[in-house]
Amino acid sequence: MPSNDVRILLQAAVPTAAVGALAAVVSGVVAGGKGAIGAVVATLVVILFMGLGLYILQRTAKSLPHLFQAMGLLLYATQILLLFVFVAAFKNTTLFHPKAFALTLVAGTLAWIAAQTRAHMKSKILYVEPEKSGHSS
């Protein structure tokens, strides 16, 4: 992964982890230990899903640039669908507090999207190949 991609990944993952830590504290106070566990699991799921999605999207951009936009839309739709599947699958679990899990999943996803958007807006990525200095037209 090029350094710019790693930088964007970190700039999205760190705020998401911070939101997850805050959610774990709040869930722990409100719903006890199971609430904190649900928030931590949700944060890990968000970072894993969204990080993997960013990695796949960056690989697609490099190998198949003409499919980048369509792949991005498909990827985000798939990620949101899979997150809903996770919420539905763990709706009645006794391993952790399902409501803390679901709320943290939503908050973490929104934090990731906002942080990733900010990272892309601040990055200096060339979208046009500069002309070589030794070549004259």
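Here the structure is a predicted model, which means the values were calculated and not measured.
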Atom pair [atom1] ([X]) and [atom2] ([Y]), whose distance is rounded to the nearest 0.5 Å:
X: L9; Y: Q11; atom1: CG; atom2: CD; answer: 10.0 Å
X: T60; Y: Q69; atom1: OG1; atom2: CD; answer: 13.5 Å
X: L103; Y: H97; atom1: CG; atom2: NE2; answer: 9.0 Å
X: L105; Y: F84; atom1: CG; atom2: CZ; answer: 9.0 Å
X: L75; Y: Y55; atom1: CG; atom2: OH; answer: 13.5 Å
X: L57; Y: Q116; atom1: CG; atom2: CD; answer: 7.5 Å

Next item on the list: List for me each residue that meets side chain to side chain contact (heavy atoms under 4.5 Å, CB included) alongside K91, sequence neighbours excluded, and say none if there are none.
Entry: none
Output a table of donor-acceptor pairs, distance under 3.5 Å, between side-chain atoms of residues 30-54 and any protein atom two or more places apart or on a different chain; print 'none' if there are none.
{"unit_1": "K34", "atom_1": "NZ", "unit_2": "T94", "atom_2": "O", "d": "2.5"}
{"unit_1": "T43", "atom_1": "OG1", "unit_2": "A39", "atom_2": "O", "d": "2.8"}

Checklist line | Single-linkage hydrophobic cluster, 4.5 Å side-chain cutoff, L82 and W112 together | finding: yes
Check: Are side-chain heavy atoms of T109 and T16 found at a separation under 4.5 Å?
Finding: no
Next item on the list: Indicate yes or no: at least one non-hydrogen side-chain atom of N92 is less than 4.5 angstrom from one of P98.
Entry: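 A side-chain contact under 4.5 Å is absent here.
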Check: For F101 and F86, which heavy atoms make the closest approach, and how far apart are they?
Finding: CE2-O, 3.9 Å
Item checked: A102 to V87 - nearest heavy-atom pair and separation ->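 Answer, listing the atom of A102 first, then V87: CB-CG1, 4.2 Å.
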